[in-house]
Amino acid sequence: MDRNAPVGVFDSGVGGLTVVREIIRQIPGERIVYFGDTARLPYGSKSRDTVIRYSRQIIRFLMTMKVKAIVVACNTASAYALETIQAETELPVIGVINAGARTAVHATRNGKIGVIGTEGTIGSGIYTEVMQRMKADIEVFGKSCPLFVPLVEEGLLHDSVTDEIASRYLSVLKGRYIDTLVLGCTHYPLLRSTIRRLMGDEVTLVNPAYETAVELRELLAARNLSREEKEPLLGEQYQFFVSDLAEKFTDFATAILPGEVKETRQISIEEY
Ligand code: DGL
């Protein structure tokens, strides 16, 4: 496998860019091919079978881009499809859930952890399962927050409407005396300051994107696949693909990532 090959990263839309941002921060030498399934978002309210079918198509597309490893930068796809695609793909594939769960289990002092995510992620019970496998007596309280994704997509990151909705969702978790809260959806780190204010400083917020980038760095190093920053770049460093509305994605990506995103290409993902 070529060390200069890109890492493939995918999400249902723009949210996975929070993971890309961490990868760029921690391993700036890597090339990245990102796919955002903007035509078929949200994944959070879809069935397991549908999310697996979509994920398989995206993996086939990423393979045509000759990636050396794949990051499933979507909690819902990690919850529903990670095991299936790991079993079917020869490349190393990592998701965001193990990383987030591990950080939360290390961070908690009272053993009470909250997880917020899409209906799919929370309904799957995957965070509870993974965390209790790591430490059996951990108590996990899940809460789906379905309106957070559209609020972020609309750019309402600091808005009274967002405050009101967040306060309704989070009040359930406040009553559980959690000391750690996993932001178990790619979009939620963008609402961090609202969530921080409502939960208070005593609750540790865990962003799985950070740990996922650490896991990717370690995985590439262990397999001798890390690209050195000083090696000559063969091909573009960052490439972005979506299944709908490339321009909207470009604006969002430019707002989130360091540096301007010049181009996003639209592809027909159903053909893969
Ligand atoms: N990317 C999804 C996740 O992290 C959120 C958006 C969606 O529902 O598709 O679960």
Side-chain angles (χ1 to χ4, degrees), residues 8-23 34-59 62 70-83 85 93-101 103-104 114-130 142-157 162 165-166 169 181-192 195 205-213 240-245 248-249 252-253 256 269:
V9 181
F10 80 88
D11 177 43
S12 54
V14 293
L17 292 171
T18 57
V19 178
V20 170
R21 182 170 64 180
E22 272 310 322
I23 297 174
Y34 182 89
F35 177 76
D37 201 356
T38 47
R40 304 188 294 192
L41 173 127
Y43 281 13
S45 52
K46 301 230 164 45
S47 69
R48 176 184 297 269
D49 285 353
T50 298
V51 174
I52 290 177
R53 185 169 73 80
Y54 289 174
S55 302
R56 281 183 171 137
Q57 287 177 322
I58 298 167
I59 297 293
L62 291 174
I70 293 172
V71 179
V72 183
C74 172
N75 285 263
T76 311
S78 296
Y80 282 158
L82 183 66
E83 268 185 33
I85 55 184
V93 185
I94 61 169
V96 283
I97 288 175
N98 272 340
T103 317
V115 180
I116 51 177
T118 64
E119 287 161 294
T121 301
I122 299 303
S124 74
I126 183 98
Y127 269 105
T128 311
E129 192 187 310
V130 173
K143 174 80 184 113
S144 63
C145 305
L147 291 173
F148 277 180
V149 168
L151 287 168
V152 170
E153 299 269 329
E154 286 302 316
L156 299 173
L157 305 185
T162 309
I165 290 166
Y169 285 148
L181 178 63
V182 180
L183 309 181
C185 172
T186 47
H187 287 60
Y188 299 1
L190 299 170
L191 297 177
R192 191 183 183 102
I195 297 170
L205 301 185
V206 173
N207 174 7
Y210 175 83
E211 279 297 323
T212 303
F240 298 93
F241 295 87
V242 287
S243 47
D244 200 9
L245 294 180
K248 190 172 175 204
F249 180 94
F252 206 103
I256 291 184
I269 195 66

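Order of listing sets the numbers, starting from 1, for every ligand and every atom in it. Values in this document were obtained by computation on a predicted structure and should not be read as measured data.
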- Query: Short N/O distance, under 3.5 Å, between Asn75 and ligand 1?
  - Reply: yes
- Task: Taking all heavy atoms of Ser124 and all of Ala79, pick out the closest pair and write down the distance.
- Result: OG-CB, 3.7 Å
- Message: For atom 8 (O) of ligand 1, what's the nearest protein heavy-atom neighbour? Residue, atom name and distance, please.
- Response: Gly44 N, 2.9 Å
- For atom 5 (C) of ligand 1, grab the closest protein heavy atom and report residue, atom and distance to one decimal in Å. Cys185 SG, 3.4 Å
- Can you pull out the closest protein heavy atom to atom 10 (O) of ligand 1? Residue, atom name and distance to 0.1 Å, please. Thr76 OG1, 2.6 Å
- Pairwise side-chain contact, Ile23 with Val9, heavy-atom cut-off 4.5 Å (strictly under): yes
- Message: Heavy-atom pairs closer than 4.0 Å: do any link ligand 1 to the side chain of Val149, the backbone, both, or neither?
- Response: side chain
- Quick one: look up the protein heavy atom nearest atom 1 (N) of ligand 1 and list residue, atom name and how far away it is. Asp11 OD1, 2.7 Å
- Query: Which of the atoms in ligand 1, numbered in the order shown and given with their element, are less than 4.0 Å from a heavy-atom of Tyr43?
  - Reply: 7 (C), 8 (O), 9 (O)
- Query: So which of Ala77, Gly15, Cys74 gets nearest to atom 2 (C) of ligand 1, if we judge by its closest heavy atom?
  - Reply: Cys74
- Item | Nearest-contact summary for atom 6 (C) of ligand 1 - protein heavy atom, Å | Ser12 OG, 3.5 Å
- Message: What I'd like to find out is whether the side chain of Phe148 reaches to under 4.5 Å of the side chain of Tyr188, using heavy atoms alone.
- Response: yes
- Message: One residue to check: Thr186. Relative to ligand 1, which of side chain, backbone, both or neither has a non-hydrogen atom less than 4.0 Å away?
- Response: both
- Is it true that Phe240 and Phe252 have ring centroids separated by less than 6.0 Å? no
- Taking all heavy atoms of Ser243 and all of Asp37, pick out the closest pair and write down the distance. OG-OD1, 2.7 Å
- Query: Any side-chain heavy atom of Tyr54 within less than 4.5 Å of one from Tyr43?
  - Reply: yes
